[in-house]
Amino acid sequence: MTWRDQLRRSIRTLEQLEAVVELTDDEREAVRTLGSRFRLGITPYYASLMGGPDCPVRRQAIPTLAEAVLVPGETSDPLAEDAHVVAPGLTRRYPDRALLFVSPTCAVYCRHCTRRRKVGDPREAVGSYGPALAWLAAHPEVDDVLLSGGDPLTLADDALDRLLAALRSLPHPVTIRIGTRHPVTLPMRITEGLCAVLARHGPVRVMTHFNHPREATPEAAEALRRLVASGCPVHNQTVLLAGVNDDAPTLLALNRWLRHLGATPYRLFTCDLVEGTSHFRTTLDRALAIERELRRASGLAAPELVVDLPDGGGKVRVVEGERLPDRWRFTTPEGRVVDLDAQGVPV
Ligand code: SF4
């Protein structure tokens with residue numbers, strides 16, 4: 001099946017899902033009742049990787065009623081991205097970097113998604129990149145642009161080609177990164193045509209989001225090989241998810257597979273404080289213990305553990321936090337002190 005066929009045949013309804021997975025009562029009720037909060041969408045390919053109810057692939061893609069639980073500290077926009085919009089679709093949270101929201105569409109709608117407030121909603125599509133490009137042209141201090149969404153690789157090749165050409169035409173040079181989960185959820189998207197576009201505007205850094213060795217399929221390996229062969233530095237960002245990948249041997253196996261294929265296990269993120277995701281969060285102590293285990297491996301397979309501080313505080317390494325008796329204390333890049341409880345909730 002081509003990538004377009006995969007998207008056309010994406011699983012979006014309870015009936016379609018029940019045709020391929022034997023759901024638990026909890027999952028069935030969650031799909032019925034939580035659809036308005038965050039849409040369901042699973043490629044046939046990703047669904048084919050699913051096993052029983054505790055399957056790590058299944059947990060990332062099929063909702064459970066745990067998503068209905070909202071705990072204090074959770075918000076719809078935990079990174080305060082909307083407060084840092086500088087042009088339509090363009091968010092600047094750091095002095096030298098900006099994020100361009102390229103598309104609201106994803107191949108799979110991950111149940112832990114930080115941007116679930118807007119991802120999957122066609123009304124969030126940015127009509128024109130013109131104002132964002134004009135803003136970037138006027139701000140040479142911003143020289144690192146992350147294309148994100150949604151998934152930028154849902155754009156057709158020619159649209160992506162035009163966008164990359166426009167970025168390369170800015171008056172100042174920029175690092176271009178593409179944040180995509182397609183190598184994980186829709187690896188057939190990494191076609192020769194797409195790779196030719198990426199190579200034409202290279203180097204284009206590709207930030208992938210593999211979370212579990214079950215996603216390490218021959219199809220995904222081929223996608224990574226093609227990206228690397230096209231001159232794309234590939235970096236993987238994993239989200240630490242309770243019940244999915246919160247143990248060192250699992251992550252070590254994933255990271256070694258990535259490394260063998262030429263992709264760098266770059267970062268391990270704690271799960272952001274987005275609404276309905278408390279069941280995915282581990283304690284910061286556990287996260288740090290896992291990071292320490294991973295650091296026993298080759299440095300090329302040891303991502304750094306990062307917490308993206310709530311309310312737009314920015315990314316900091318957990319190991320740089322101060323472990324006080326009843327809390328963790330972090331200092332944001334701007335020097336603001338942020339205290340978090342054991343689960344990473346502000347206190
Ligand atoms: S692919 Fe990324 S943006 Fe899309 S739902 Fe998953 S985590 Fe969110």
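Each ligand, and each atom within it, is numbered from 1 in the order the structure gives. Quick caveat: nothing in here was measured; it's all calculated off a predicted structure.
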Any N/O/S atom, side chain or main chain, of C110 closer to atom 4 (Fe) of ligand 1 than 2.8 Å?
no
Check whether the side chains of S103 and T154 place a donor and an acceptor atom closer than 3.5 Å, and report yes or no.
yes
Students should be able to answer this: which protein heavy-atom is nearest to atom 1 (S) of ligand 1, and at what distance?
R181 CB, 3.5 Å
What protein heavy atom sits nearest atom 4 (Fe) of ligand 1, and how far off is it?
C106 SG, 2.3 Å
Cut-off 3.5 Å, side chains only: do D82 and H84 have a donor facing an acceptor?
no
Salt-bridge test for R296 and E291: reply yes if a basic N is under 4.0 Å from a carboxylate O, no otherwise.
no
So which heavy atom in the protein is nearest atom 8 (Fe) of ligand 1, and how far is it from that ligand atom?
C113 SG, 2.3 Å
If you measure from each heavy atom of V108 to ligand 1, is any distance below 4.0 Å?
yes
Less than 4.0 angstrom from a charged side-chain N to a carboxylate O is my criterion; do E74 and R281 meet it?
yes
Near G150, which atoms of ligand 1 are under 4.0 Å from a heavy atom of that residue?
3 (S)
My understanding is that only one of R292, R327, R323 makes a salt bridge (Lys or Arg N to Asp or Glu O under 4.0 Å) with D285; could you say which?
R323
